[in-house]
Amino acid sequence: RQQVSDAFFAAAMIAGRQRALAVAVSDLAARLDETSERVREGAALPAEAATIEATLLQRRQDEDELRAARQTALARLAIITGQAVTERDTLVIPDVTAAVDRARLASGELRARPEYDLFARTRDRLATQQDLTAAQERPRVSGFAKVGFGRPGLNFVSDQFDSYGLGGVRVQWNAWTWGSGGRERQTLALQQQIVAADEAAFAKGLDQSIEGDAATIDRLQAALALDDRIIVLREQI
């Protein structure tokens, strides 16, 4: 998707520059004709016409460069999308004003991004590991029972078959863990701090990216209005 966007808007931007440059070329061509006429009438020096012609040739070189760049962008767009795109096709720029306004109003919905879900799951996993570590250090009590029939039974000096049963409570406690539980809890606490720092850094970077994109959009919208005015003035000239 990003490659399609890059190729599409590159071709569209070049087309806009081509239109602006075409107006400048037409203006220079008219000025060259006027200056050449003045040179023939002796009202201007040949150097004036030569200067305008040199500038006109440079602008036409710029036209050739833009044409080649647009062909490259369109070819890349055709390869990525698998559709035929030619120079005669018009790339329609979408009106993103409403989308931009919705995005600015919905900035609080950024918490719905999957990265935040990953951070939350990681915190839950570390908390569960901490509970497990604490549980392993606590005494464990369990009951047991055993019944059977054999010779002998509970009386080992008897040679008769007899039934028997055993029951009781078992207590297990690893009193000496050599500090392994404390070290593991400390490690898990550090990992939780790392997750919190990563989440804060991600949120900060996301906010900075949004602010930068919004500023760029505002700047480009202002530039569009100025470009339209410049084109009108050049057409009048």
Side-chain angles (χ1 to χ4, degrees), residues 1-13 72-73 76-83 85 91-146 166-225:
R1 182 178 299 176
Q2 185 62 44
Q3 292 178 358
V4 170
S5 296
D6 292 342
F8 177 88
F9 286 106
M13 181 183 65
T72 302
R76 186 167 66 250
L77 182 62
I79 293 174
I80 298 173
T81 60
Q83 299 181 5
V85 182
L91 301 182
V92 180
I93 303 298
D95 185 5
V96 298
T97 303
V100 171
D101 293 338
R102 288 195 303 269
R104 286 177 171 173
L105 294 175
S107 59
E109 298 179 1
L110 294 175
R111 301 293 301 185
R113 288 177 62 98
E115 292 87 350
Y116 288 109
D117 188 30
L118 176 61
F119 291 134
R121 297 294 182 87
T122 303
R123 284 194 300 269
D124 293 341
R125 176 176 57 81
L126 293 175
T128 302
Q129 289 180 344
Q130 282 186 328
D131 294 340
L132 178 61
T133 302
Q136 291 176 346
E137 293 181 340
R138 291 194 294 266
R140 286 174 290 179
V141 180
S142 60
F144 69 93
K146 181 179 180 181
L166 296 174
V169 177
R170 181 184 295 112
V171 179
Q172 293 178 329
W173 183 27
N174 296 327
W176 303 99
T177 59
W178 303 101
S180 62
R183 289 192 297 270
E184 186 173 354
R185 286 194 299 271
Q186 185 178 8
T187 300
L188 293 174
L190 290 175
Q191 291 180 356
Q192 286 180 331
Q193 294 177 8
I194 292 174
V195 172
D198 289 342
E199 184 176 6
F202 175 77
K204 184 177 180 180
L206 197 60
D207 291 338
Q208 291 176 349
S209 177
I210 292 173
E211 291 299 329
D213 291 341
T216 301
I217 290 172
D218 293 338
R219 177 181 60 82
L220 292 176
Q221 287 178 339
L224 285 173

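Here the structure is a predicted model, which means the values were calculated and not measured. If you read the sequence from its start, that first residue is 1, and numbering goes on from there. In what follows, every heavy atom counts, from backbone to side chain, and hydrogens, waters and symmetry copies are set aside.
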Original post:
Would you call Gln192 and Val195 a side-chain contact if the rule is heavy atoms closer than 4.5 Å?
Top reply: no
**OP:** First locate atom CG of Leu126, then atom CD of Gln191, and finally report the distance between them rounded to the nearest 0.5 Å.
**Re:** 5.5 Å
Subject >> Gln3 CD to Ile80 CD1 distance, which is reported to the nearest 0.5 Å >> reply: 4.5 Å
Original post:
Would a distance-only check, ignoring hydrogens and angles, find a side-chain to backbone donor-acceptor pair under 3.5 Å from Ser209 to Gly205?
Top reply: no
**OP:** Report the C-alpha separation of Tyr116 and Leu206 in whole Å, then their side-chain angles, then the decisive distance to 0.1 Å, and conclude whether the side chain to side chain contact (heavy atoms under 4.5 Å, CB included) test is met.
**Re:** CA-CA 12 Å; Tyr116 288 109; Leu206 197 60; 4.2 Å; yes
Original post:
Taking atom CG of Asp6 and atom CZ of Arg1, what is their separation to the nearest 0.5 Å?
Top reply: 13.0 Å
**OP:** Show your working on side chain to side chain contact (heavy atoms under 4.5 Å, CB included) between Phe8 and Ile93 and close with a plain yes or no.
**Re:** CA-CA 9 Å; Phe8 177 88; Ile93 303 298; 4.0 Å; yes
**OP:** List for me each residue that meets salt bridge (Lys or Arg N to Asp or Glu O under 4.0 Å) alongside Glu211, sequence neighbours excluded, and say none if there are none.
**Re:** none
**OP:** Measure the CG-OG1 distance between Leu77 and Thr72 for me, rounded to the nearest 0.5 Å.
**Re:** 12.5 Å
Subject >> Residue pair Arg76, Ile79: steps toward the side chain to side chain contact (heavy atoms under 4.5 Å, CB included) verdict >> reply: CA-CA 5 Å; Arg76 186 167 66 250; Ile79 293 174; 5.8 Å; no
Original post:
For Arg121, does the CZ atom have more than 12 heavy-atom neighbours from other residues, nucleotides or ligands under 6.0 Å away?
Top reply: no
Subject >> Between OG1 on residue Thr122 and CG on residue Leu118, distance to nearest 0.5 Å >> reply: 4.5 Å
Subject >> Over all atoms of both residues, closest heavy-atom pair of Ala78 and Val85 >> reply: CB-N, 4.1 Å
**OP:** Calculate, to the nearest 0.5 Å, the distance between atoms CG and CZ belonging to Asp124 and Phe119 respectively.
**Re:** 13.5 Å
